[in-house]
Novice: 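Before I ask anything, let me first share the structure, which is written out below as structure tokens.
These numbers come from a predicted model, not from an experiment.
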Amino acid sequence: MSLLVKGGTVVGPTGTRVADVLVEGEKIVAVLDPSFTPTIAVDEVIDATGKYVIPGGIDAHTHMELPFGGTAASDTFDTGTRAAAYGGTTTIIDFAVQRTGEVVQDGLAAWHAKAEGECHIDYAFHMILGGVDADALKAMDQLVADEGITSFKLFMAYPGVFYSDDGQILRAMQTARENGAMIMMHAENGIAIDVLVQQAIAKGQTDPIYHGITRPAALEAEATNRAIALAEVAQDCPLYIVHLSASQALEKVAEARHEGRNVFAETCPQYLYLTLEDQLGAPGFEGAKWVCSTPLRSKHESHQRDLWKGLRNNELAIVSTDHCPFCMKDQKELGLGDFSKIPNGIGGVEHRVDLVFQGVVDGKLSLERWVETIATTPARMFGLYPQKGIVQPGSDADLVIYDPNGTTRIGVETHHMNMDHSAYEGVEIKGRVGTVVSRGEVIVADGNYHGRKGRGKFLKRGLSSYLM
């Protein structure tokens with residue numbers, strides 16, 4: 001099967017140009033001046049005149065079917081990857097889970113079983129280490145060497161569930177420094193947060209807004225700083241801070257990066273657009289829709305402005321979603337009368353490409369930086385480049401034809417995620433995902449779905465391209 005994407009403006013990390021993209025089978029074989037292509041015979045031509053041609057999005061942080069708080073994320077690998085495709089994301093990196101007392105390899109096998117034959121787009125895994133011991137450290141080496149799992153997530157939060165103490169974190173970092181893996185860190189001081197949560201509930205402060213109030217920015221910054229210090233002790237172990245939400249934490253990351261350290265961070269659309277007061281503080285229990293960790297921050301402080309600046313300056317490398325959706329009915333409602341029992345998570349895998357593009361429209365990001373943060377940098381950061389994340393010969397033919405003159409209105413009536421609400425209800429984007437191509441196959445066109453469950457492939461990843 002051959003395909004020619006004709007007349008579009010190809011956008012990459014280094015610039016833009018009008019070019020035709022020639023696809024044979026699953027690969028891009030040429031990016032050509034349009035004057036060269038009239039004589040080329042192909043099976044299908046897509047007219048991209050007036051539109052952007054970008055690499056398929058890579059969401060480096062999703063949680064499909066994640067068990068949490070007595071329930072599980074409402075999107076399966078089937079529903080979640082289909083929704084991702086609608087939104088221009090052609091690869092996800094999800095998190096396999098090992099809990100304390102479990103065998104790491106068994107956790108990975110369980111996630112392979114969940115995903116195999118279910119995914120509409122390509123997928124890879126990070127590994128959550130919920131119990132760092134000698135066996136887990138050996139497993140890290142084995143997963144890097146044999147399984148294509150080259151990043152491991154640790155938690156400074158959730159004592160009794162996923163929490164690792166500083167000694168465990170240091171040992172995992174030392175192992176990662178030896179095998180080249182990336183340590184991903186949920187950086188919040190969970191021990192102190194639990195005290196604040198218990199105090200709030202004792203005072204009868206049980207509404208969803210207190211989820212944010214009891215997870216102050218200072219405790220995100222403290223944990224971020226501590227993680228950076230531990231990574232320094234571990235001979236500059238590669239460190240990636242997930243879902244960074246607060247200006248104070250960003251300052252710690254920026255300081256380390258200015259020193260040339262192997263320290264990186266992501267943020268998420270919810271922290272760029274949503275706030276403690278307007279969403280978490282919605283009347284009654286409505287704010288439960290926006291309970292996530294790290295929490296939404298106050299609109300009266302500079303967090304959103306600083307996060308956009310951090311994206312421009314590459315102090316923040318990537319925009320991921322931390323997609324972990326829960327329905328209000330029978331899921332978020334588990335926390336009625338006690339915010340600490342509300343399952344933590346927001347759904348957004350379908351909207352990331354659009355929401356970050358709105359930053360381009362608003363003058364907060366360049367086109368090139370848009371593509372970097374949603375596709376190229378995730379591929380480089382997590383060992384998928386140049387197979388993914390770039391429009392160039394030899395790369396997988398993962399393409400999005402994006403219409404900057406279109407509009408996208410987000411809402412529960414039109415989204416494809418398995419949720420009974422939308423975190424971005426009524427938001428209108430000045431841009432629209434048109435055609436989505438995954439490994440040379442058109443899976444979305446004109447708002448219609450042409451893909452199928454099971455066509456997505458598991459990707460074994462290499463090491464990060466950014467390590468010193």
Novice: Going by side-chain contact (heavy atoms from CB on, under 4.5 Å), V11 matches just one of V400, I54, V391. Which one?
Specialist: I54
Novice: I'd like to know if K299 pairs up with D278 as an ion pair, taking the criterion as any Lys NZ or Arg NE/NH1/NH2 lying under 4.0 Å from an Asp or Glu carboxylate oxygen.
Specialist: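 Looking at K299 and D278, the cut-off is met.
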Novice: What I want to find out is whether E222 reaches R226 closely enough, with some N-O distance under 4.0 Å, to be called a salt bridge.
Specialist: yes
Novice: Does K453 come within less than 4.0 Å of E118, counting only side-chain N to carboxylate O?
Specialist: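 Result for this pair is yes, salt bridge flagged.
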Novice: Looking at E188 and R215, is any side-chain nitrogen of the basic one under 4.0 Å from a carboxylate oxygen of the acidic one?
Specialist: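 E188 and R215: salt-bridged.
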Novice: If you count every heavy atom of other residues, nucleotides or ligands that lies below 6.0 Å from K252 atom NZ, does the total exceed 12?
Specialist: no
Novice: Among residues at least two apart in sequence or on other chains, which ones pass salt bridge (charged side-chain N to carboxylate O under 4.0 Å, His left out) with D398?
Specialist: K388
Novice: Determine yes or no for a side-chain-to-main-chain donor-acceptor pair under 3.5 angstrom, with T89 supplying the side chain and A85 the backbone.
Specialist: no
Novice: Should E220 and S245 count as side-chain neighbours, where that means a heavy-atom distance under 4.5 Å?
Specialist: yes
Novice: If you measure only the distance, is there a donor-acceptor pair under 3.5 Å linking the side chains of E266 and S320?
Specialist: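 Indeed, the side chains of E266 and S320 share at least one donor-acceptor pair under 3.5 Å.
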Novice: Can you check whether W308 reaches L365 side chain to side chain, under 4.5 Å on heavy atoms?
Specialist: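 W308 vs L365: side chains touch.
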Novice: Between E350 and R82, is there a side-chain N and carboxylate O pair less than 4.0 Å apart?
Specialist: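 No, no charged N to carboxylate O under 4.0 Å.
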Novice: Among side-chain atoms of N418 and T79, is any donor-acceptor pair under 3.5 angstrom?
Specialist: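 Side-chain D/A pair, N418 to T79: absent.
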Novice: If you measure only the distance, is there a donor-acceptor pair under 3.5 Å linking the side chains of N344 and S293?
Specialist: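 There is such a pair (donor and acceptor under 3.5 Å, judged by atom type) between the side chains of N344 and S293.
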Novice: When you look at CD of E116, are more than 12 heavy atoms from neighbouring residues, nucleotides or ligands closer to it than 6.0 Å?
Specialist: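 Counting neighbours around CD of E116, 12 or fewer heavy atoms of other residues, nucleotides or ligands fall under 6.0 Å, so no.
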Novice: More than 12 heavy atoms of other residues, nucleotides or ligands under 6.0 Å from CD of Q235: yes or no?
Specialist: no
Novice: Heavy atoms, side chains only, cut-off 4.5 Å: are M182 and T150 in contact?
Specialist: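 No, every pair of side-chain atoms sits at 4.5 Å or beyond.
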Novice: So that I can tick it off, tell me whether K341 and D338 are bridged by a salt bridge, with the cut-off set at under 4.0 angstrom between side-chain N and carboxylate O.
Specialist: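 Salt bridge present between D338 and K341.
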Novice: Does the distance from a Lys or Arg side-chain N to an Asp or Glu carboxylate O, for R432 and D403, drop under 4.0 Å?
Specialist: no
Novice: Flag yes if more than 12 heavy atoms outside D446 fall under 6.0 Å of its CG atom; otherwise flag no.
Specialist: no
Novice: Just by distance, do the side chain of K332 and the backbone of A288 share a donor-acceptor pair under 3.5 Å?
Specialist: yes
